[in-house]
Amino acid sequence: MIKKDGHTHTRFSHHGSTEQLDEYIEHAIKLGFTEYVVTEHAPLPQKFLETFVGPDDARDNSSMAADELLLYKSEVERIQVKYGDQITIKAGFEIDYLKNYESDIRRFLKEQASWIDEIVLSVHFLPNNDGIIAPIDYDPETLSAYFSDERQNPQVLFQRYYDAVMQSVNFDTGLKIPVRVGHITLIRKYQKLLQLPPFDEAIKQQITELLQKIKQKNYQLDFNAAGFSKPYNGESYPTFDIAEQAVKMGIKLIYGSDAHKVDALGLYFDEMNYFIEEVTKE
């Protein structure tokens, strides 16, 4: 049986640990993983960074820097050689979908196409009522500050988020490699602190349409464990009810630890894998 972690990070993310990639791989081998995808946050478009709105730390430490790209590539290739007889290691990126920066993203992917195997396509930044693109998962204060209007009616915030996720799925990467749609309930990261309500029927319908589009494009879904460990969340991304809906639609769910430190690898894998097995039996 393939035991795969399809969403992992490295020290190049700048918002995790400084542990070496070798330590991640050795721990994954110890845990019995047979396939491992390195999906570091790709450099954000330069034009986006020049007009970035939000905390300076979020601008500087949300992804690898462009000048680290060659070092990241060489690190991934090095560990593929070093550990290739013990575990299958695939190269990839977590790509931020950013409205109005599609050509920059596509150009970047085309430049990297020769060596990457898979990507995770995610939404971490969202336009607010004023058209300002701001981070949604940096911290609750930033989310509340830039989306204060939407916070008065959280369903509007949810709608805006799922509009962006749908746009990301409709985005043509230009590559013929597996694409996973990343953590599709990330907008609920601070749900306990901000007292976010459940999704209403309109949002549930948006999610259904999103899953239909994911199925149509033959994309995978990131079944992300990180939310379980977030103090204001406590759920997987997506939640088990949405994951069940996806499985029954024939969408492939791929476990992702979203590990930014070594000891986060493999967390909740058994529970999440058991869930998929049970739903598949039904």
Side-chain angles (χ1 to χ4, degrees), residues 4-7 37 39 94-97 118-126 136-137 143 147 150 153-171 178-258 267-282:
K4 177 173 181 173
D5 192 334
H7 188 161
V37 192
T39 55
E94 182 172 10
I95 299 291
D96 274 290
Y97 173 77
E118 302 183 9
I119 66 170
V120 175
L121 186 60
S122 300
V123 172
H124 296 97
F125 302 91
L126 203 60
I136 60 170
D137 70 324
L143 178 65
F147 297 91
E150 295 84 346
N153 182 356
Q155 303 300 335
V156 173
L157 177 64
F158 299 152
Q159 179 185 352
R160 187 160 305 200
Y161 173 73
Y162 283 108
D163 285 345
V165 179
M166 179 65 90
Q167 289 164 0
S168 77
V169 175
N170 283 322
F171 168 67
V179 175
R180 268 185 300 290
V181 185
H183 42 56
I184 67 166
T185 49
L186 183 65
I187 196 64
R188 304 198 67 93
K189 181 175 179 179
Y190 308 117
Q191 61 180 345
K192 295 178 181 178
L193 179 68
L194 302 181
Q195 299 181 319
L196 297 180
F199 294 140
D200 67 14
E201 291 305 312
I203 302 303
K204 290 178 182 178
Q205 180 59 33
Q206 263 194 295
I207 293 170
T208 295
E209 292 169 3
L210 172 66
L211 294 177
Q212 290 169 342
K213 178 59 70 171
I214 290 171
K215 171 66 175 175
Q216 179 186 328
K217 294 199 70 169
N218 199 31
Y219 282 179
Q220 301 168 348
L221 195 61
D222 175 37
F223 197 22
N224 191 303
F228 280 124
S229 301
K230 303 302 180 185
Y232 301 131
N233 188 339
E235 299 175 328
S236 59
Y237 305 127
T239 50
F240 277 17
D241 57 334
I242 297 172
E244 180 175 0
Q245 184 181 0
V247 170
K248 290 181 176 178
M249 291 172 66
I251 296 170
K252 190 170 184 179
L253 270 61
I254 303 295
Y255 168 83
S257 65
D258 204 349
L267 291 182
Y268 305 100
F269 175 87
D270 290 341
E271 297 91 328
M272 296 169 76
N273 188 59
Y274 177 78
F275 166 81
I276 294 174
E277 291 177 345
E278 290 301 301
V279 172
T280 304
K281 288 178 186 176
E282 294 178 3

Original post:
For Y219 and V169, which heavy atoms make the closest approach, and how far apart are they?
Top reply: CE1-O, 3.8 Å
Subject >> Spacing of CE belonging to M166 relative to CD1 belonging to I207, to within rounding of 0.5 Å >> reply: 10.5 Å
Original post:
Where the side chain of D258 meets the backbone of N224, is there a donor-acceptor pair that is under 3.5 Å apart?
Top reply: no
**OP:** Any chance you could measure I214, atom CD1, to L221, atom CG, to the nearest 0.5 Å?
**Re:** 5.0 Å
Original post:
Any idea which heavy atoms bring G234 and F228 closest together, and the distance?
Top reply: O-CD2, 3.6 Å
Original post:
Does atom CG of D241 have more than 12 heavy-atom neighbours from other groups under 6.0 Å away?
Top reply: yes
Subject >> Under 3.5 Å donor-acceptor, K252 side chain and Q220 backbone >> reply: no
Subject >> Basic-acidic side-chain contact under 4.0 Å: K4, E118 >> reply: yes
Original post:
Atom CZ in R188, atom CG in L186: separation rounded to 0.5 Å?
Top reply: 11.5 Å
Original post:
Can I184 and Y237 be said to form a side-chain contact (heavy atoms from CB on, under 4.5 Å), step by step?
Top reply: CA-CA 6 Å; I184 67 166; Y237 305 127; over 6 Å; no
Original post:
Side-chain donor-acceptor pair under 3.5 Å between T185 and E235, yes or no?
Top reply: no
Original post:
Is the shortest side-chain N to carboxylate O distance from K213 to E209 below 4.0 Å?
Top reply: no
Original post:
Does the side-chain contact (heavy atoms from CB on, under 4.5 Å) test come out yes or no for K192 and N233, once each step is laid out?
Top reply: CA-CA 6 Å; K192 295 178 181 178; N233 188 339; over 6 Å; no
**OP:** State which residues pass side chain to side chain contact (heavy atoms under 4.5 Å, CB included) with D200; sequence neighbours excluded, sorted by chain then number.
**Re:** Q155, A202, I203
Original post:
From S122 OG over to D96 CG, what is the distance, rounded to the nearest 0.5 angstrom?
Top reply: 6.5 Å
Original post:
When you look at I242 and K204, which way does the side-chain contact (heavy atoms from CB on, under 4.5 Å) test go after all the steps?
Top reply: CA-CA 9 Å; I242 297 172; K204 290 178 182 178; over 6 Å; no
Original post:
For the residue pair V123 and Y97, what are the closest heavy atoms and their distance?
Top reply: CG2-CB, 4.4 Å
Original post:
Y190 and D137: which non-hydrogen atoms are nearest, and at how many Å?
Top reply: OH-O, 2.8 Å
Original post:
If you measure from CD on E244 to NZ on K248, what distance do you get to the nearest 0.5 Å?
Top reply: 4.0 Å
Original post:
Could you walk me through whether F158 and E150 pass the side-chain contact (heavy atoms from CB on, under 4.5 Å) check?
Top reply: CA-CA 9 Å; F158 299 152; E150 295 84 346; over 6 Å; no
Subject >> Heavy-atom donor-acceptor pair, K189 side chain to Y232 backbone, under 3.5 Å >> reply: no
**OP:** List the atom of I254, the atom of R180, and the distance in Å for their closest heavy-atom pair.
**Re:** CB-CD, 3.4 Å
Considering only distance and modelled atom types, tabulate donor-acceptor pairs under 3.5 Å from the side chains of residues 268-278, sequence neighbours left out.
from : atom 1 : to   : atom 2 : distance (Å)
N273 : ND2    : E277 : OE2    : 3.2
E278 : OE2    : K281 : NZ     : 3.0

Original post:
Quick one: OG1 on T239 to CD on Q191, what's the gap to the nearest 0.5 Å?
Top reply: 9.0 Å
**OP:** Answer yes if the side chains of D222 and H7 hold a donor-acceptor pair under 3.5 Å, and no otherwise.
**Re:** yes
Original post:
Which atom names give the shortest non-hydrogen contact between L126 and F147, and what distance separates them?
Top reply: O-CZ, 3.2 Å
Original post:
Do we see a donor-acceptor contact under 3.5 Å between the side chains of E94 and T39?
Top reply: no
